[in-house]
Novice: 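Take a look at the following structure, please.
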Amino acid sequence: MTSIAKSLGRGAHPRFANGPDPAHASGYDHAPPRVGFFTDTSVCIGCKACEVACKEWNRVPEDGLDFTGMSYDNTAGLSADTWRHVAFIEQRKPLGGQVNGPAAGAWLDRGDAAESTMVDDPHGFRWLMSSDVCKHCTEAACLDVCPTGALFRTEFGTVVVQEDVCNGCGYCVSACPFGVIAQRSGDGRVWKCTLCYDRLGVGEEPACAKACPTDSIQFGALDELRLRAIDRVSELHSLGITDARLYGDDPDDGVGGAGAFFLLLDDAEIYGLPPNPTVTTRDLPHMWKGAATAAVTVGAAICLMFVGRRP
Amino acid sequence: MNETEVTMSGQGTGQGTERRSGQGTGRRHRQPEFRSYYGKPILKEPTWEARDIAGYLFLGGLAGASSVVGAAAELTGRSSLARTAKLGAAGAIGLSGVALVHDLGKPGRFINMLRVFKPTSPMNVGSWLLTAYAPAAATSAFAAITGAVPLLGRAGTSAAAVLGPAVAAYTAVLIADTAVPAWHEGRHEMPFVFVGSAASSAAGWGLLTAPLAETAPMRHLALLAGTAELIGSRIMEKRMGPVGEVYGTGTAGWCMRAATVTTATGVVTAGVFGRKHRAAAVGAGLCLLAGSALTRFGIFHAGVASSRDPKYTVGPQRRSMQSD
């Protein structure tokens with residue numbers, strides 16, 4: 001209740017009730033250090049081992065064999081049946097100082113007139129790949145709005161759905177600013193990444209991190225990952241890859257920082273991520289006040305209509 | 001910002017990659033500040049059924065406001081209006097319960113709503129509210145029809161009248177407390193639109209069901225609440241910025257325009273002809289009820305539409321970052 005009481009009292013204050021240690025704020029007295037993911041997309045090779053490992057370990061159902069036309073992304077996005085999703089974006093610019101051979105330009109200039117007029121001047125080529133996942137936000141809107149308490153904060157600081165409690169109301173689906181959590185068709189409940197809660201409990205790292213061959217997905221204590229990420233961004237900048245930036249690492253952002261943060265090579269929206277996500281709960285105290293005012297107003301207004309008018 | 005990405009879809013229509021042919025320089029009119037991942041939505045659209053949830057927004061509002069009408073009517077000697085208002089409240093909240101449980105992914109687990117008490121979840125607070133309100137409304141109606149248990153009936157009427165406005169208003173918090181742009185950005189005005197709509201529908205129900213001699217307060221309420229509902233919706237749409245356009249297009253646009261027509265018709269008919277002509281009162285009542293329902297469905301569909309197009313998420317967020 002403490003964190004709830006605090007969040008109700010704060011209004012639109014930018015600092016949140018949970019602070020950097022949401023597990024402690026949720027009532028765990030002796031929680032282990034907060035863990036999460038640092039996904040360094042600059043080394044992702046798009047192998048999708050993470051998608052497969054996640055599905056295998058968690059026995060997530062198959063959700064369509066589609067050809068989307070979105071580069072190598074035939075998964076399309078996160079859902080109840082996809083908890084790791086690799087995004088692919090092809091861009092006409094070099095990666096840092098990389099020189100792409102003339103073959104690259106020629107390959108892209110083949111084909112119909114429409115293609116070659118779009119690609120008027122080969123400026124190099126780069127392929128952005130990123131493995132998306134639930135952000136396990138410090139201030140998690142899904143958790144805040146869940147009416148049954150099915151969504152809860154674990155001792156590791158992660159956010160997990162209890163599938164035996166969830167009654168499929170779908171409120172979390174509309175509350176998540178990243179569009180992660182979703183309802184499973186035919187089942188009715190919502191499902192999402194658990195950060196392999198069952199593996200963490202026995203000292204193992206999540207399946208996706210284990211399977212990732214390039215260590216694009218790094219798992220560990222969040223503090224340590226953040227330091228590593230800052231170093232990596234500096235390294236990339238010094239290599240001429242000035243586009244490199246972190247996403248979700250800032251504790252002052254709209255969700256209090258994420259338990260799963262990223263090193264991206266372009267704006268967030270290019271990857272299908274919201275550029276400035278906010279937890280809706282931040283505005284809730286103001287909304288409750290508005291509702292209270294409206295309720296009092298309508299009650300008074302109706303009564304007023306009856307004053308002094310006997311039939 | 002690089003504008004020559006091969007597979008970028010910059011128009012945000014959610015239709016995937018769009019090929020643009022016949023461009024001399026390979027460039028065309030773009031809004032450089034909006035980019036997306038193949039035009040795919042960022043948010044998940046609401047899982048709720050319009051019939052169930054927009055229907056509940058309407059029925060819950062009607063019930064809550066009718067409970068206040070019922071109590072006030074009883075206190076001022078308008079027994080027919082009191083009876084029909086109480087019956088209407090009970091009936092509406094009963095139907096609401098059916099709709100809400102039906103909309104769950106696992107309806108058999110509806111009782112899990114009461115596992116916890118959680119102020120950060122408007123749906124949880126609402127569940128507790130309904131748990132207190134619905135029996136009160138039912139008792140009030142039961143006493144009104146049968147004449148039995150008058151004291152219990154009085155208690156029920158009073159409790160329902162106190163809780164009714166909360167029932168009418170909390171749903172605005174429920175839908176605004178999401179990431180859905182057309183709902184969240186309307187959070188300042190939404191409670192007032194909702195209570196206005198609720199009171200308007202209660203006025204309509206009163207005009208429909210009560211004898212002319214007792215419906216003067218309902219005519220006045222129709223004018224006040226109907227106007228508040230319409231003006232409130234307009235103000236909400238305008239003040240939410242570019243997202244507001246979803247209230248004018250598609251199914252949402254149709255509903256909102258129809259709501260304006262029907263509510264306005266109801267208000268005018270009730271005011272001009274409703275005093276002397278029963279048929280006019282009935283017609284006005286139906287219009288007001290329809291108008292209130294249309295407003296709720298319009299707001300619902302607008303929310304769904306705003307969640308489907310990434311530009312409504314990216315645009316406002318980019319703008320808010322620039323202004324920092």
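Per chain, numbering begins at 1; letters A, B, ... match sequence-line order. Note that these values count all heavy atoms, side chains included, but never hydrogens, waters or copies made by symmetry.
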Novice: Tell me whether A:Trp288 contacts the main-chain N or O of B:Pro119 through its side chain, where contact means a donor paired with an acceptor under 3.5 Å.
Specialist: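 It does hold such a pair.
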Novice: Quick check for you: among A:Gly299, A:Ala268, A:Ala87, A:Ala292, which has the greatest number of heavy-atom pairs under 4.5 Å with chain B?
Specialist: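 That would be A:Ala87.
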Novice: Could you measure the distance from the OH atom of B:Tyr37 to the OG atom of A:Ser130? Nearest 0.5 Å is fine.
Specialist: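 Here the interatomic distance stands at 9.0 Å.
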Novice: Counting distance only, does the side-chain N/O of B:Lys118 pair as donor-acceptor with the main-chain N or O of A:Cys146 below 3.5 Å?
Specialist: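 Yes, the answer is positive, given that a donor and an acceptor are paired below the 3.5 Å cut-off.
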Novice: Does the side chain of A:Met305 reach to within under 4.5 Å of the side chain of B:Met218, using non-hydrogen atoms?
Specialist: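 No; the side chains remain at least 4.5 Å from each other.
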Novice: Between chain A and each of B:Gly164, B:Ala73, B:Gly64, count heavy-atom pairs under 4.5 Å; write down the option with the most.
Specialist: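 Maximum pair count with chain A is reached by B:Ala73.
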Novice: Look at B:Leu114, B:Leu174, B:Asp103, B:Val69 and state which one has the largest set of heavy-atom pairs under 4.5 Å with chain A.
Specialist: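 Greatest number of close heavy-atom pairs with chain A: B:Leu174.
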Novice: Quick check for you: to the nearest 0.5 Å, what is the distance between A:Phe306 atom CZ and B:Glu74 atom CD?
Specialist: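 Taking CZ in A:Phe306 and CD in B:Glu74, the distance rounds to 11.5 Å.
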Novice: Less than 4.5 Å apart, side chain to side chain, heavy atoms only: is that true for B:Pro122 and A:Met287?
Specialist: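 When only atoms from C-beta onward are counted, A:Met287 and B:Pro122 do not touch, as no gap falls below 4.5 Å.
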Novice: Can you check whether A:Thr148's main-chain N or O pairs, donor with acceptor, with B:Arg115's side chain at less than 3.5 Å?
Specialist: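 Flag set: sc B:Arg115 to bb A:Thr148 pair under 3.5 Å.
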Novice: Find the one option among A:Pro275, A:Ala141, A:Gly188 whose heavy-atom pairs under 4.5 Å with chain B are most numerous.
Specialist: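 Of the candidates given, the most pairs with chain B belong to A:Pro275.
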Novice: Is there a side-chain contact between B:Lys311 and A:Glu269 in this structure, where contact means two heavy atoms from C-beta onward sitting under 4.5 Å apart?
Specialist: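 A side-chain contact is absent here, since even the closest heavy-atom pair is not under 4.5 Å.
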Novice: Please evaluate residues B:His188 and A:His286 with respect to the criterion side-chain contact (heavy atoms from CB on, under 4.5 Å), reporting the C-alpha separation (whole Å), side-chain torsions for both, the decisive distance (0.1 Å), and the verdict.
Specialist: CA-CA 8 Å; B:His188 307 288; A:His286 167 83; 2.9 Å; yes
Novice: Any non-hydrogen side-chain atom of B:Lys44 less than 4.5 Å from a side-chain atom of A:Cys176?
Specialist: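 In short, these two side chains do not touch, never coming nearer than 4.5 Å.
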Novice: Which residues in residues 191-200 of chain B have any heavy atom closer than 4.5 Å to a heavy atom of chain A?
Specialist: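 So the qualifying residues are B:Pro191, B:Phe192, B:Val195, B:Ala199.
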Novice: What part of A:Val180 is in contact with chain B, defined as an atom under 4.5 angstrom from a non-hydrogen atom: side chain, backbone, both or neither?
Specialist: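 For A:Val180, the contact with chain B is made by the backbone alone.
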Novice: What I want to find out is whether A:Asp266 reaches B:Arg35 closely enough, with some N-O distance under 4.0 Å, to be called a salt bridge.
Specialist: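 Looking at B:Arg35 together with A:Asp266, the answer is yes, because their closest N to O distance falls below 4.0 Å.
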Novice: Measure distances from B:Ala168 to the heavy atoms of chain A and classify the residue's part below 4.5 Å as side chain, backbone, both or neither.
Specialist: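 Neither; nothing under 4.5 Å.
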Novice: Please classify the contact of B:Val162 with chain A as side chain, backbone, both or neither, using a heavy-atom distance under 4.5 Å.
Specialist: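 When you check distances to chain A, no heavy atom of B:Val162 falls under 4.5 Å.
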Novice: More than 12 heavy atoms of other residues, nucleotides or ligands under 6.0 Å from CH2 of B:Trp205: is that the case?
Specialist: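 For B:Trp205, atom CH2 is not crowded (no more than 12 foreign heavy atoms under 6.0 Å).
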Novice: Return the option, out of B:Ser67, B:Ser307, B:Ala179, with the maximum number of heavy-atom pairs under 4.5 Å with chain A.
Specialist: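 The option with the most such pairs is B:Ala179.
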Novice: What are the two closest non-hydrogen atoms of B:Leu43 and A:Pro177, and how far apart are they?
Specialist: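 Between these two residues, the closest heavy atoms are CD2-O, 3.4 Å.
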Novice: Between B:Ala161 and chain A, with a heavy-atom cut-off of 4.5 Å, which part of the residue counts as in contact: side chain, backbone, both or neither?
Specialist: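 For B:Ala161, neither part sits under 4.5 Å from chain A.
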Novice: Check B:Ala166 against A:Ala295 and note the closest heavy-atom contact, atom names and distance.
Specialist: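 Looking at all heavy atoms of both residues, the closest pair is N-CB, 4.1 Å.
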Novice: Do B:Tyr38 and A:Asp73 have a side chain donor and acceptor closer than 3.5 Å?
Specialist: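 Absent: no donor and acceptor within the cut-off.
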Novice: Below 4.5 Å, heavy atoms only, C-beta onward: do B:His220 and A:Leu304 meet side chain to side chain?
Specialist: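 No, side chains not in contact.
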Novice: Give the member of B:Gly105, B:Ala71, B:Ser127 that has the highest number of heavy-atom pairs under 4.5 Å with chain A.
Specialist: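 If we count pairs closer than 4.5 Å to chain A, B:Gly105 comes out on top.
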Novice: Among all residues two or more places apart in sequence or in another chain, which pass the side chain to side chain donor-acceptor pair (under 3.5 Å) test with A:Asp132?
Specialist: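 By the side chain to side chain donor-acceptor pair (under 3.5 Å) rule, A:Asp132 matches A:Lys135.
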Novice: I need the A:Ser174 OG to B:Ile53 CD1 distance, nearest 0.5 Å.
Specialist: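 Going from the OG atom of A:Ser174 to the CD1 atom of B:Ile53 covers 10.0 Å.
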Novice: Identify which part of B:Glu189 has an atom lying under 4.5 Å from any heavy atom of chain A, answering side chain, backbone, both or neither.
Specialist: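 Contact with chain A is absent: no heavy atom of B:Glu189 under 4.5 Å.
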Novice: Would you check if A:Val173 and B:Pro46 make a side-chain contact, meaning some heavy-atom pair closer than 4.5 Å?
Specialist: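 Counting from C-beta outward, A:Val173 and B:Pro46 never come under 4.5 Å.
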Novice: Over 60° means perpendicular and under 30° means parallel, so classify the ring planes of B:Trp48 and A:Tyr171, tilted if in between.
Specialist: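 Judged by the thresholds at 30° and 60°, the geometry between A:Tyr171 and B:Trp48 is tilted.
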Novice: Quick one: are A:Pro274 and B:Val314 in side-chain contact, heavy atoms under 4.5 Å?
Specialist: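 The answer is no; the side chains never approach within 4.5 Å.
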Novice: Step by step, work out the side-chain contact (heavy atoms from CB on, under 4.5 Å) result for B:Gln317 and A:Thr278.
Specialist: CA-CA 9 Å; B:Gln317 289 182 9; A:Thr278 315; 5.7 Å; no
Novice: SG of A:Cys172 to CE of B:Met123: how many Å apart, nearest 0.5 Å?
Specialist: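 So the gap between those two atoms works out to 9.0 Å.
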Novice: Looking at NZ of B:Lys106 and CG of A:Asp164, how far apart are the two atoms once the value is rounded to the nearest 0.5 Å?
Specialist: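 Taking NZ in B:Lys106 and CG in A:Asp164, the distance rounds to 11.5 Å.
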Novice: So which atom in A:Pro147 and which in B:Val116 form the shortest heavy-atom distance, rounded to 0.1 Å?
Specialist: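 So the two residues come closest at O-CG2, 3.5 Å.
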Novice: Given heavy-atom pairs under 4.5 angstrom as the criterion, report whether the side chain, backbone, both or neither of B:Ile42 touches chain A.
Specialist: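 Both the backbone and the side chain of B:Ile42 come within 4.5 Å of chain A.
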Novice: If I measure from the heavy atoms of chain A, does B:Leu81 come under 4.5 Å with its side chain, its backbone, both, or neither?
Specialist: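 Interface part for B:Leu81: side chain.
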Novice: For a quick test of reading the model, state the closest non-hydrogen atom pair linking B:Leu221 to A:Ile302 and the distance between them.
Specialist: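 Here B:Leu221 and A:Ile302 meet closest at CD1-CG1, 3.9 Å.
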Novice: With side chain to side chain contact (heavy atoms under 4.5 Å, CB included) as the test, pick out the partner of A:Thr280 among B:Val180, B:Thr178, B:Asp177.
Specialist: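 Running side chain to side chain contact (heavy atoms under 4.5 Å, CB included) over B:Val180, B:Thr178, B:Asp177 with A:Thr280 returns exactly one hit, B:Asp177.
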Novice: Would the distance check show the side chain of B:Arg109 and the main-chain N or O of A:Cys166 forming a donor-acceptor pair, the cut-off being under 3.5 Å?
Specialist: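 Side chain of B:Arg109 to backbone of A:Cys166, a donor-acceptor pair under 3.5 Å: yes, one is there.
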Novice: Do you know which two heavy atoms are closest between B:Met113 and A:Cys169, and how far apart they sit?
Specialist: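 The pair with the smallest heavy-atom distance is CE-CB, 3.8 Å.
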Novice: Would one find more than 12 heavy atoms of other residues, nucleotides or ligands at under 6.0 Å from atom CZ of A:Phe152?
Specialist: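 Yes, the 6.0 Å shell around CZ holds more than 12 heavy atoms from other groups.
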Novice: Quick check: do B:Val68 and A:Val298 have side-chain heavy atoms less than 4.5 Å from each other?
Specialist: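 Contact flag for B:Val68/A:Val298 side chains = no.
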Novice: Which distance, rounded to the nearest 0.5 Å, do you find between the OG1 of B:Thr120 and the CG of A:Leu143?
Specialist: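 Here the rounded value is 7.5 Å.
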Novice: Hey, is the main chain of A:Val165 close enough, under 3.5 Å, to the side chain of B:Asn112 for a donor-acceptor pair?
Specialist: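 It does hold such a pair.
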